[in-house]
Number of protein chains: 2
Amino acid sequence: MADISPSRWDDQSAVPEVVVGRLPQYVRVLKELLSDGVEVANSQQLGQQLQVTPAQIRKDLSYFGRFGKQGRGYSVRRLLDELQQILGLNEQWNVVVVGVGRLGKAILSYPGFTPDGFHIVAALDNNPSLIGQEVEGVKVRAVEELDAVVKAQNITIAVVAVPVRFTQQVIDKLVECGIRAILNYAPTSPQVPESVKIRSIDPVLSLQSMTYYLTNGSE
Amino acid sequence: MADISPSRWDDQSAVPEVVVGRLPQYVRVLKELLSDGVEVANSQQLGQQLQVTPAQIRKDLSYFGRFGKQGRGYSVRRLLDELQQILGLNEQWNVVVVGVGRLGKAILSYPGFTPDGFHIVAALDNNPSLIGQEVEGVKVRAVEELDAVVKAQNITIAVVAVPVRFTQQVIDKLVECGIRAILNYAPTSPQVPESVKIRSIDPVLSLQSMTYYLTNGSE
DNA sequence: AGAAGATTGTGAACGAATTCTCAAATCATA
DNA sequence: TATGATTTGAGAATTCGTTCACAATCTTCT
Ligand SMILES: NC(=O)c1ccc[n+]([C@@H]2O[C@H](COP(=O)([O-])OP(=O)(O)OC[C@H]3O[C@@H](n4cnc5c(N)ncnc54)[C@H](O)[C@@H]3O)[C@@H](O)[C@H]2O)c1
Ligand SMILES: NC(=O)c1ccc[n+]([C@@H]2O[C@H](COP(=O)([O-])OP(=O)(O)OC[C@H]3O[C@@H](n4cnc5c(N)ncnc54)[C@H](O)[C@@H]3O)[C@@H](O)[C@H]2O)c1
């Protein structure tokens with residue numbers, strides 16, 4: 001009767017993915033509080049900022065440990081440190097951008113990644129007239145050099161900004177050479193093995209999910 | 001003892017928000033199939049593309065009607081039409097961009113919105129040297145003209161691309177003048193009344209939720 | 001036309017996520 | 001040091017979302 005393998009690989013007290021998804025938001029709020037000079041915050045206050053119930057915040061944090069003090073709340077600095085530790089935000093993450101067109105260039109020039117530990121250390125394209133150019137201090141290299149670049153510069157994360165029709169093949173290559181996390185900007189849902197993490201950014205999907213409410217909302 | 005009002009305002013057979021969030025993805029896949037000349041698809045095939053179980057797709061669609069044929073599947077064209085109808089994608093949505101800096105300009109020049117019915121018809125900024133300039137065929141106007149512009153051009157959706165510290169005040173103004181949906185690019189979680197829909201796009205949050213797995217994944 | 005095969009739509013079962021609740025811990029004050 | 005006011009952490013209860021399972025229906029093949 002024992003059907004599927006009794007010792008599962010990931011589960012047990014695994015942290016739900018939704019919870020992990022909220023931690024970075026907590027980090028953002030805590031950073032803001034810290035730079036406003038706030039030293040202590042309770043779950044009520046934190047929740048208010050993010051439109052989340054206090055209970056949810058406490059439950060989320062309880063997956064990782066006991067960071068608060070009864071009757072008082074959380075030390076902003078302490079909680080921030082703990083969460084950054086948990087999320088691996090103390091390390092420096094090296095990132096490669098694939099596709100240095102209009103969007104790729106915009107990403108290279110966005111200053112928002114570096115303060116959070118994400119360093120764009122390489123850029124690849126397959127357009128000969130781009131290769132060799134320097135963009136925002138990063139030299140554009142041929143996409144064939146992917147493997148060498150990833151190894152040489154210890155890269156674990158890729159940002160993909162190529163046209164839709166090339167996205168899957170580019171991502172296949174990235175997976176092949178050991179990239180473990182991908183941020184995809186092309187409007188498609190690429191397939192990756194479950195050992196590789198992927199997130200897509202698509203403003204059109206966001207807009208379309210809102211128009212539903214504009215159309216059917218209050219009539 | 002009866003505390004909160006007994007007749008709730010929205011509920012009953014309301015469609016869960018997660019379901020609405022998946023519909024645009026279905027639309028995207030159906031468009032792809034259509035342009036590949038595929039006329040019929042079953043829930044299995046659709047699910048494969050999106051890494052979703054066939055049962056989920058059928059259950060999602062069942063909130064809105066009965067669009068399939070047993071033993072056969074769904075007519076791609078028919079289902080696409082129905083979903084676009086449901087999401088309000090047949091209408092043309094007029095959009096205003098607030099903040100015409102580096103990101104704002106990039107958004108104005110992104111050709112991906114128009115094919116899906118989102119037309120950027122106005123752009124606002126508060127930098128005098130930008131006002132009056134024309135960017136991608138749209139004249140930049142003073143942010144004080146917001147109300148007039150929204151009314152005159154029948155705008156319901158706003159895209160916000162201003163620095164973090166101005167985001168909340170800009171959004172308050174947008175809400176005040178009747179904007180019903182907001183796409184926010186600033187790395188913050190703005191407060192809006194629940195009658196207004198808001199989505200935020202923040203690549204750093206996406207990256208941070210992945211590093212958790214890179215750090216704690218397989219060791 | 002009839003039988004075999006495919007696939008939907010949906011109630012019921014299950015599983016996951018959120019919220020409730022309250023004992024235990026801490027703080028503030030006198 | 002005792003009292004009252006807060007607030008956490010975490011099990012229990014509840015709500016929400018997904019998957020199962022199968023009757024109903026359509027297609028295809030002979
Ligand atoms: N999510 C967003 O907010 C957003 C915004 C803009 C664009 N996009 C998407 O990003 C992608 C790129 O858009 P863009 O405007 O920069 O296009 P673009 O044409 O300006 O740039 C694409 C670049 O990719 C390169 N490229 C093509 N195939 C490649 C390959 N196999 N390997 C490496 N490089 C390759 C091209 O040489 C080009 O430089 C598109 O899919 C677009 O839809 C998304
Ligand atoms: N989510 C993303 O992918 C992403 C990418 C890049 C930038 N960003 C964010 O977008 C925002 C803008 O970034 P940017 O690089 O374009 O900055 P920027 O400084 O180039 O542009 C900001 C523009 O907003 C205008 N502005 C300021 N206050 C305003 C107000 N009250 N009303 C109207 N306009 C106002 C400024 O005049 C300027 O033109 C920032 O919050 C940044 O963090 C997000």
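In what follows, chains are A, B, ... by sequence order, proteins preceding strands, each numbered from 1. When reading the values below, keep in mind they use all heavy atoms of this one structure, side chains included, and skip hydrogens, waters and symmetry mates.
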Q56(A) atom CD is separated from dA13(D) atom P, nearest whole Å, by 20 Å
Legend entry - Trace of the side chain to side chain contact (heavy atoms under 4.5 Å, CB included) decision for Y185(A) with V97(A): CA-CA 11 Å; Y185(A) 277 89; V97(A) 171; over 6 Å; no
Rounded to whole Å, the CD1-C1' distance (I57(A) to dT19(C)) equals 13 Å
Exercise for review: For side chain to side chain contact (heavy atoms under 4.5 Å, CB included), just list the numbers for I171(A) and I198(A), CA-CA rounded to whole Å, side-chain angles, deciding distance to a tenth of an Å, and then say yes or no.
Suggested key: CA-CA 10 Å; I171(A) 285 179; I198(A) 184 163; 4.0 Å; yes
When D60(A), L61(A), T53(A) are each screened for side chain to side chain contact (heavy atoms under 4.5 Å, CB included) with I57(A), the one that passes is L61(A)
Atom NZ of K59(B) and atom C1' of dA21(D) are separated, to the nearest Å, by 12 Å
Note: contacts of residues 41-51 of chain A with DNA chain D (heavy atom, under 4.0 Å) are N42(A), S43(A)
Between D60(A) and R66(A), whichever has its closest DNA chain C nucleotide further toward 5' is D60(A)
Expected list for residues 68-81 of chain A near DNA chain D, using heavy atoms below 4.0 Å, is G68(A), K69(A), Q70(A), G71(A), R72(A), G73(A), Y74(A)
Sorted by chain and number, sequence neighbours left out, side chain to side chain donor-acceptor pair (under 3.5 Å) with Q84(B) holds for none
When rounded to whole Å, the CG to P distance for the pair L61(B) and dG9(C) reads 7 Å
(message) Any salt bridge linking E82(B) with R78(B)? Criterion: basic side-chain nitrogen under 4.0 Å from a carboxylate oxygen.
(response) yes
Which part of the nucleic acid does R58(A) contact within heavy-atom distance under 4.0 Å: base, sugar-phosphate only, or nothing?
-> base
Donor-acceptor pair, T211(A) side chain versus L87(B) backbone, under 3.5 Å?
yes
Do the side chain of D202(B) and the main chain of P187(B) share a donor and acceptor less than 3.5 angstrom apart?
no
message: With a 3.5 Å distance limit and no angle check, can you tell me whether T114(B) reaches the backbone of P111(B) through a side-chain donor-acceptor pair?
response: no
Taken to the nearest whole Å, CZ/F67(B) to P/dC26(D) is 16 Å
Using a cut-off of strictly less than 4.0 Å, decide whether T53(B) has a side-chain nitrogen or oxygen near OP1 or OP2 of dT18(D).
-> no
How about CD on E39(B), more than 12 heavy atoms from neighbouring residues, nucleotides or ligands closer than 6.0 Å, or not? no
In whole angstroms, the gap separating P of dC27(C) from CD of E39(A) amounts to 15 Å
